[in-house]
Each structure stands twice: as structure tokens, then as C-alpha cells.
Novice: 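Structure incoming, see below.
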Amino acid sequence: MNGRSVRGISVAFLVAFGIAGLGARFSMAQGVASSGDAQAGKTLWEGPATFCERCHGVKGEGAFGPDLAGRQLSVAQFRQAVRKPWGIMPAFTEQQVSDQEIANMAAYFNSLPRVAEPGPWRIPIRAEATDGEKLIVATVGCGQCHGHDIGGPRRDAGAVAADFEWLKKFVYEHTTAMPEFWRLLEEEPAVRIRMGNYSRTRLPESLLQEIWRYMNDLGFRVPIGAQLSAGMTAANGVTYTLTVENGGLPGKGLTAEDILISLTLPSGSAVVSTTGRGYQGVRHDSQNNAEMAVWQVPRLGPKDKQTYTITLSRAGSGNDNLRGAVRWAKPLLGDGSNDTVNIAPPRPRAQ
Ligand code: HEC
Ligand code: HEC
């Protein structure tokens, strides 16, 4: 049974049972949505489930990709651009954005006024950009979502000791490769898969090789993550739990060595006690003129996890503004600098 006959049956079903309101949303000729809900389109565009706005602007005002606001594109034109893009834009599947959602987005943009002038790029080309950076920011546009240093994919490359075949899969067959990768790393999937599938003709393998070289020159990163829990009030202060973890794949991922963890103390707050190995005490951070609690860890291999607690005196009301960083001496990045990640602030507690 092919797709057309399936749609034929559903349209016939709607008509036969006289569901007029729903039936009117489908064009009889093609069996796909031809009119949309502008409010639903706006919600989808602005929400976390799609990243289209990184290339087209938060209000469709245009950026790396053309402006969409007030352009009066038909649903068919809009759908063609999304499913079979004309140029370098990646293609999005029906699982990512359905035909009805495409109609909703078209209705949203057609309800907006045209822009007098398209907006600026989200990630502009920096004056000091190398050829590799220009390639990903401007020629192909990966950098519009991943930043000029494509730092996220370099972390995931470090998590599995990736090779070029790995990159190819994520670029040309992104929508099938991504769920497999999340399963492999036992990670929680995102709301939806937000990157599309690139065309092998628009982005030929030779160009992708250059992107790969750029990622290698910058260096793969150790996928270290650090998270602070919300403070728990104790008899002598407020206790926070800090976890630092290497999210890589055992037997494959990179190991970080000579790791320094620092947590900046809110002014007026003192360390009452700590648990966990490697605590070095409080040091003065002259750059930020603040006191930091410091831990040292010799190494963190894939799936290694360290847990610490720190109890701070109540003094200083802004304890939940705690911030800090994890930095390691090895491996260094391609330019010889240390890699570092921020400690994520407490997540709002469930309930
Ligand atoms: C990497 C940047 C990028 C992303 C992400 C992106 N686009 Fe595009 N889009 C472009 C570019 C560039 C064009 C111009 C034609 C081309 O390259 O295919 C375009 C063209 C379009 C057009 C046709 C505009 C016209 O003038 O005819 C539509 C509609 C569109 N995109 C919608 C979307 C939607 C919806 C999404 C998210 C599901 C999306 N785009 C994600 C870059 C992007
Ligand atoms: C529309 C924004 C967008 C664009 C453009 C984009 N990506 Fe992605 N990419 C993502 C997001 C978001 C993810 C996480 C999975 C998902 O939601 O699709 C991802 C995942 C990846 C991954 C898998 C590993 C990881 O870090 O999760 C690689 C590799 C990758 N992107 C490389 C690229 C390259 C190379 C390009 C350009 C050819 C590119 N991306 C363009 C948004 C984008």
C-alpha cells in the first residue's frame, strides 16, 4: 500500500463522516494540510522543539537564511523549502515537523508584516575567522546553531573517539543517527530532533572533510559535565551537592587529567564543611576578587563520576547564585589552551 492510497482513505473517511471542520483543513487533491493555525505556528517556531529561528530569525526577520515574515509563501512553497530545500538548508522530515505544522508556520509568517530589511546573522563571521571557521559559520551554516567553534559536536566526538564516518552519519542521516547515539550514551533525548539532514549534493563529502579537519584542529573535547543541586538547609548552614561526571563511552571516550574544580563563594559566606576526596580549601580568585572552594581530581575516565557536598554558612543571601567551573590540564585543546566547562546552577527542584 503506498502513501497516496493511505491518505485517500483518510480523506474519504473524513468526508464520508461529515467532519466538515477537519475536512476543510485538507486539500482534496493532495491530501495534505493547506491551511494552518497561526498561533500554533508561532508557538512551535519560538519553542524549544525547532531551531529554524537560528537561521531565519526569532520573528522570521531573516538571518543566515531568508526572511519569512509577510512573504506570503503558499503552504506548498513552504513545504517544498522544508522537505526538499533548494540550497544549503538541511531537510526536515515529517517526524520533525509535520505537514500540518508546516501549514501552521506558513500561516504565522503570512500573518506578520514584511520586514523592511532582513536581520543580522545570529553568529556573524568574526574578523579573526580562519578558513575553517568561515566554512562552518558562513558557507555551510553549522555554526549558526553550534557556534563558531562547533563545541558541542566536538564534545560528542570526544565521547566516542569519533571518526569521519561518524560525522558523515550525523550530517547526512542525522534523523536516524541521533536516536541511536542517545541510546548508546544512555542520554535523555531532546524534545525533538532539531537538526535536519544535509544533502550530499549541496554539501559534498569533500567539503565535509574540511569541516572534519577544522573540528580536529580545534581538538576533541572530554565530555565533562558538572551539576550543582539546590541547597538543603542544615543545622549549621546550607548544603549543596556537586557532581562532576565524564559522559563518554567506556573503552572509547577521552579521559581528562589534572582536573581543577572551583566554586565561587557568595560574598560573606564561609565553608563550614565538605565531603568527598580532593578538597584543597579556599583560595582567593584575584581576577574576580572572590573566594573559591577548590577540589583537585587526578583523572576522570568515561562514566567516572565524583560527588561532593559543601556546606556554606548562611551568611550571604544569594547562595543559589553559586557558580564555578571545571578545568583540566590534559588533553589540551588544539590551540594549546585548557578546556573548561561551567558548573550548571541548581535545577529547579521537581514539585
Ligand atoms: C542552517 C540554516 C537553516 C536552518 C536551520 C533552516 N533554514 Fe530554512 N532556509 C535556509 C536557507 C539558506 C534558505 C535559502 C534556500 C536554501 O538554502 O535552501 C532557506 C529557505 C527556507 C524557506 C524558503 C524561503 C523562500 O524565500 O522561499 C523556508 C520556508 C524555510 N527555509 C523554512 C525553514 C524551517 C521551517 C526551518 C526549520 C524546520 C528552517 N527553514 C531551518 C537556512 C536554514
Ligand atoms: C538547526 C541548527 C543546527 C544546524 C544548522 C546544525 N546542527 Fe548539528 N545539531 C543540532 C542539534 C540541536 C543537535 C542535537 C540533536 C538534535 O536535536 O538534532 C545536533 C547534533 C549534531 C551532531 C551529533 C553530536 C552532537 O553534538 O549531538 C553533530 C556531529 C552535528 N550536529 C554536526 C553538525 C554539522 C557538521 C553541521 C553543519 C553541516 C550541523 N551540525 C548543523 C543543531 C544543528
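A quick note: this is a predicted structure, and the numbers were derived from the prediction, not measured. Numbers here simply count residues along the sequence, with the first being 1. Just follow the structure's listing: the first ligand is 1, and inside any ligand the first atom is 1.
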Novice: Heavy-atom contacts with Ala81 under 4.0 Å: which atoms of ligand 1 show up? List them by number with element.
Specialist: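 Near Ala81, the atoms of ligand 1 are 22 (C), 23 (C), 28 (C), 29 (C).
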Novice: Is there at least one pair of N or O atoms, one from Arg194 and one from ligand 2, spaced under 3.5 Å apart?
Specialist: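 Yes.
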Novice: Please list the nearest protein heavy atom to atom 13 (C) of ligand 1 with its residue and the distance rounded to 0.1 Å.
Specialist: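 Ranked first by proximity to atom 13 (C) of ligand 1 is Pro66 CD, 3.2 Å.
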Novice: What protein heavy atom lies closest to atom 3 (C) of ligand 1? Include the residue and the distance to one decimal.
Specialist: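 Scanning the protein heavy atoms, the shortest distance from atom 3 (C) of ligand 1 goes to Cys55 SG, 2.8 Å.
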Novice: So for ligand 1, is Val82 a polar contact partner (N or O within less than 3.5 Å, distance only)?
Specialist: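 No, Val82 has no N/O under 3.5 Å of an N/O on ligand 1.
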Novice: May I ask you to identify the nearest protein heavy atom to atom 5 (C) of ligand 2, giving residue, atom name and distance to one decimal place in Å?
Specialist: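 Protein heavy atom at minimum distance: Tyr198 OH, 3.4 Å.
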Novice: Please identify which atoms of ligand 2 are closer than 4.0 Å to at least one heavy atom of Ile193.
Specialist: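 Result: 17 (O), 18 (O).
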Novice: Around atom 8 (Fe) of ligand 2, what protein N, O or S atoms are found below 2.8 Å?
Specialist: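 His146 NE2, Met195 SD, with waters left out.
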Novice: Can you report which non-hydrogen protein atom sits closest to atom 41 (C) of ligand 1, along with the distance?
Specialist: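 For this ligand atom, the closest protein heavy atom is Phe92 CE1, 3.6 Å.
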Novice: Indicate whether any N or O donor in one side chain lies under 3.5 Å from an N or O acceptor in the other, for Asn338 and Thr340.
Specialist: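 Asn338 vs Thr340: no donor-acceptor pair found between side chains.
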Novice: Verify whether the ring centers belonging to Tyr240 and Tyr308 lie closer than 6.0 Å.
Specialist: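 That pair fails the under 6.0 Å test.
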Novice: For Leu68, which part has a heavy atom under 4.0 Å from ligand 1: side chain, backbone, both, or neither?
Specialist: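 The answer is the side chain.
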Novice: Need the ligand 1 atom indices (1-based, order shown) with element for anything under 4.0 Å from a heavy-atom of Pro85.
Specialist: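 Here the atoms of ligand 1 in question are 18 (O).
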Novice: Which ligand 1 atoms are under 4.0 Å away from a heavy-atom of Trp86?
Specialist: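 So the answer, numbered in order with elements, is 18 (O).
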Novice: Among all protein non-hydrogen atoms, which one is nearest to atom 25 (C) of ligand 2, and what is the separation to 0.1 Å?
Specialist: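 Answer for atom 25 (C) of ligand 2: Asp156 OD2, 2.8 Å.
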Novice: Quick check on Thr50 - does any of its heavy atoms sit under 4.0 Å from an atom of ligand 1?
Specialist: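 No, that is not the case, since the closest heavy atom of the residue is not under 4.0 Å from the ligand.
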Novice: If we set the cut-off at 4.0 Å for heavy atoms, which region of Leu203 has an atom near ligand 2: side chain, backbone, both, or neither?
Specialist: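 Side chain only.
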